[in-house]
Number of protein chains: 2
Amino acid sequence: MPLLDHPDAKAFLLHWGEMGTQWGVNRSVSQVHALLYLSDRPLPADEIVDQLGLARSNVSTALKELQSYAIVRRVHVEGDRRDHFVAELDLWEMLTRITAERKRREIDPTIALLNDLAQRLANDDSCPPHVRERITRMHEFMSTLGNWYEQVRALPKPTLVALMKLGGKVARFLPGAKKAE
Amino acid sequence: MPLLDHPDAKAFLLHWGEMGTQWGVNRSVSQVHALLYLSDRPLPADEIVDQLGLARSNVSTALKELQSYAIVRRVHVEGDRRDHFVAELDLWEMLTRITAERKRREIDPTIALLNDLAQRLANDDSCPPHVRERITRMHEFMSTLGNWYEQVRALPKPTLVALMKLGGKVARFLPGAKKAE
DNA sequence: CAAACATTTCGGAGATTCCAGAAATGTCTG
DNA sequence: CAGACATTTCTGGAATCTCCGAAATGTTTG
């Protein structure tokens with residue numbers, strides 16, 4: 001009955017956990033995520049505890065973290081007082097949500113700092129020209145990247161999927177691009 | 001004289017170090033990178049030690065790590081026996097190299113595992129259908145993503161830059177896309 | 001509102017990572 | 001090949017992160 005009796009499910013879950021640690025996500029969090037992803041029904045925290053052998057408190061923290069990425073959500077189950085949880089099953093959604101949250105946490109603060117620095121540099125003649133230039137370049141680069149991301153993410157999902165399927169062929173549509181492949 | 005006497009350079013360096021830790025890169029590594037990025041000349045390890053106050057051994061390890069991402073390289077300086085190091089200054093190059101290496105380390109092993117699992121699932125009737133389906137979906141998704149990435153990265157840099165400048169407007173060129181914005 | 005149940009927060013033991021200094025290894029020069 | 005210099009690998013203490021169990025907090029039900 002338990003999901004993890006199946007060796008392939010278990011292999012997936014274990015690998016997902018390891019992969020998480022490489023990504024800066026802690027193992028418990030990514031294991032909980034893998035379990036929910038494979039489950040065909042909402043699971044209460046207790047059952048996650050049983051299946052993964054983690055402490056209840058740890059599972060609680062993991063669920064909170066996953067919810068902060070919006071890739072797991074609480075659902076109510078008829079006739080059960082306990083919270084149940086399900087993972088986002090649309091992988092494209094999953095990717096965009098993780099990306100959005102990571103940008104928010106990791107990229108945006110950097111852009112903000114670079115904004116400040118650029119401000120200060122404008123009125124500071126004591127800064128060696130090459131330092132000014134390097135910081136300015138970085139600022140422009142990250143801003144451009146951030147803007148690009150915001151634009152792309154605003155596109156409707158089917159458009160994004162279509163773009164991805166297109167792969168390297170998008171380049172053909174560029175004005176002035178080589179027509180031949 | 002030392003680069004870090006300039007408060008803005010220092011702010012950049014410190015922030016870059018913190019940002020690194022968030023990214024799973026250790027602080028020493030990202031500080032060394034920031035210093036080299038701001039420097040207008042190749043630096044020998046000793047000078048990095050002096051400017052950052054790190055142990056020599058630590059700097060050595062950091063340089064090795066940065067070289068493994070190919071965003072820092074060793075250069076020879078006329079009349080000095082010591083190795084000197086410079087950072088990649090083209091930020092677009094920097095991004096693509098980091099991305100390539102992270103994909104290689106983090107995504108490729110997952111795809112490889114999913115290949116194996118998909119193989120095994122094909123001959124395994126004991127696996128519950130929904131588990132099979134979830135793993136298969138994940139496999140397809142990550143493969144598609146990986147293929148997309150390889151195609152896009154093969155495009156010439158100017159094309160990539162042009163695409164990025166285009167932002168969300170690429171969607172206009174999609175066959176069957178809404179022409180109006 | 002009291003009792004039962006569910007969840008979160010807290011504190012600390014264990015594991016991991018970081019990083020300085022020491023030792024070892026590698027490389028050049030005379 | 002000896003000695004000077006440069007770099008890397010090793011080792012252990014410090015700092016950080018992980019994750020359990022206990023205590024505190026929140027929530028439902030009679």
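Throughout, protein chains are lettered first and strands after them, A, B, ... in sequence-line order, and every chain is numbered starting at 1. What you see is a predicted model; the values in this text were computed from it and never measured.
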Notebook entry, point to check: Aromatic rings B/Y37 and B/F12: how do their planes relate, parallel, tilted or perpendicular, breaks at 30° and 60°?
Noted result: tilted
Note to self: Taking the six-membered ring of B/F173 as reference, does the cationic atom of A/R172 (NZ for Lys, CZ for Arg) lie under 6.0 Å from its centre and within 45° of its axis?
What the structure shows: no
Rounded distance (Å) that lies between atom [atom2] of [N] and atom [atom1] of [X]:
X     : N      : atom1 : atom2 : result
B/R82 : D/dA4  : CZ    : C1'   : 14 Å
B/I48 : D/dT7  : CD1   : C1'   : 13 Å
B/H84 : D/dC5  : NE2   : C1'   : 14 Å
B/E18 : C/dC18 : CD    : C1'   : 14 Å
B/E65 : D/dT9  : CD    : C1'   : 16 Å
B/N58 : D/dT11 : CG    : P     : 18 Å
A/F85 : C/dT7  : CZ    : P     : 7 Å
A/D46 : D/dG21 : CG    : C1'   : 15 Å

Next item on the list: Identify whether the distance between the nearest side-chain nitrogen and carboxylate oxygen of B/E150 and B/R153 falls below 4.0 Å.
Entry: yes
Note to self: Between A/E101 and A/R104, does any NZ, NE, NH1 or NH2 come within less than 4.0 Å of an OD or OE carboxylate oxygen?
What the structure shows: yes
Under 4.0 Å between a side-chain N/O of [X] and OP1 or OP2 of [N], yes or no?
X     : N      : value
B/K64 : D/dT7  : no
A/R56 : C/dT7  : yes
A/S57 : C/dT8  : no
A/N26 : D/dC19 : yes

Counting any heavy atom closer than 4.0 Å, what does [X] reach on the DNA or RNA strands: base, sugar-phosphate only, or nothing?
X     : result
B/D83 : sugar-phosphate
B/G24 : nothing
A/S28 : sugar-phosphate
A/R81 : base

Next item on the list: State which of C/dG21, C/dT9, D/dC20 makes the closest approach to the side chain of A/T61.
Entry: C/dT9
Next item on the list: Verify side-chain hydrogen bond (donor to acceptor under 3.5 Å, both in side chains) between A/W16 and A/Q31, making sure each step is shown before the conclusion.
Entry: CA-CA 6 Å; A/W16 206 245; A/Q31 286 191 353; over 6 Å; no
